[in-house]
Amino acid sequence: RSHSFVEPNPKRKLNVQFGDAIELIGYDVAPASPRANQPMSVTLYWRALAPTDKPYTVFVHLLDANNQIIGQKDAPPMDGDAPTNTWVAGEYITDSYTFSIAPNAQGDAVLEIGLYEPGTFARLPVFENAKAIGDHLLIRGLMVER
């Protein structure tokens, strides 16, 4: 696969680091008003800070107000076409995840994003503004309509 060193322009910008080698610089969500029982797409924009020797799996979970999963997709970046252990320092990866939202979902929702090692399920630590925030990123402010 080819490597891109041109910085993408996500609609929502972030500066969140996963482990010591991966940075999430932003994301896009479509549709802007997700609906129950419909597909939702989340595009993540990664930047490789350094090489990593592990092929991490990305998880994108949509949680309801009770922290129950109402939609999810776990997969290696670019559906396996860009394993993290092939990333080159300074490279940008545009990585999309599409999943269906549960038919009974409604109301406030949160995106939960992280990376884990497939064999052990050990998650990478997450840092925002150089401060440890746990082993996943929560993005609030979504509303699921029926």
Evaluate side-chain contact (heavy atoms from CB on, under 4.5 Å) for F99 paired with Q72, printing each intermediate quantity in order.
-> CA-CA 6 Å; F99 51 85; Q72 77 176 78; 5.6 Å; no
Point-to-point distance, once rounded to the nearest 0.5 Å, from CG of L63 to CD1 of I139 |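 If we round to the nearest 0.5 Å, L63:CG and I139:CD1 are 11.5 Å apart.
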Nearest 0.5 Å please: distance from the OH atom of Y56 over to the OH atom of Y116.
-> 13.0 Å
If we ignore hydrogens and angles and just use 3.5 Å, is the side chain of [X] paired with the main-chain N or O of [Y] as donor and acceptor?
X: T94; Y: T43; value: no
X: W87; Y: T52; value: no
X: E128; Y: A130; value: no
X: D64; Y: N66; value: yes
X: R12; Y: G26; value: no

Can you name the closest pair of heavy atoms from [X] and [Y] and give their distance?
X: G19; Y: L124; value: N-CB, 4.0 Å
X: P118; Y: T57; value: CG-OG1, 3.5 Å
X: A89; Y: P51; value: CB-CD, 4.4 Å
X: M78; Y: Y97; value: N-OH, 4.5 Å
X: A102; Y: A36; value: O-CB, 3.5 Å

Hey, are the side chains of [X] and [Y] touching, using non-hydrogen atoms and a 4.5 Å cut-off?
X: I113; Y: V16; result: no
X: V29; Y: L111; result: yes
X: F18; Y: V58; result: no
X: P8; Y: I25; result: yes
X: E23; Y: W46; result: no

Tell me, with the steps shown, if I101 and N37 meet side-chain contact (heavy atoms from CB on, under 4.5 Å).
-> CA-CA 5 Å; I101 300 174; N37 209 29; over 6 Å; no
What residue pairs, at least two apart or across chains, pass salt bridge (Lys or Arg N to Asp or Glu O under 4.0 Å) with a residue in residues 75-99?
-> R1-E91, K73-D79
Result of checking N67, V110, D74 against H61 for side chain to side chain contact (heavy atoms under 4.5 Å, CB included) = D74
Per side chain to side chain contact (heavy atoms under 4.5 Å, CB included), M40 is matched among I70, T98, V144, L62 by L62
Side-chain donor-acceptor pair present, Y45, N9, cut-off under 3.5 Å =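 No, no side-chain donor-acceptor pair sits under 3.5 Å.
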Within a reach of under 6.0 Å around NZ of K13, are more than 12 heavy atoms found that belong to other residues, nucleotides or ligands?
-> yes
Would you indicate whether D135, at its atom CG, is surrounded by more than 12 heavy atoms from other residues, nucleotides or ligands within a distance under 6.0 Å?
-> yes
Give the C-alpha distance, both sets of side-chain angles, the deciding distance and a yes or no for side-chain contact (heavy atoms from CB on, under 4.5 Å) between F59 and E112.
-> CA-CA 8 Å; F59 63 88; E112 178 185 44; 3.8 Å; yes
Give the intermediate values and the outcome of side-chain contact (heavy atoms from CB on, under 4.5 Å) for residues R146 and N104.
-> CA-CA 8 Å; R146 276 236 171 134; N104 60 343; 3.6 Å; yes
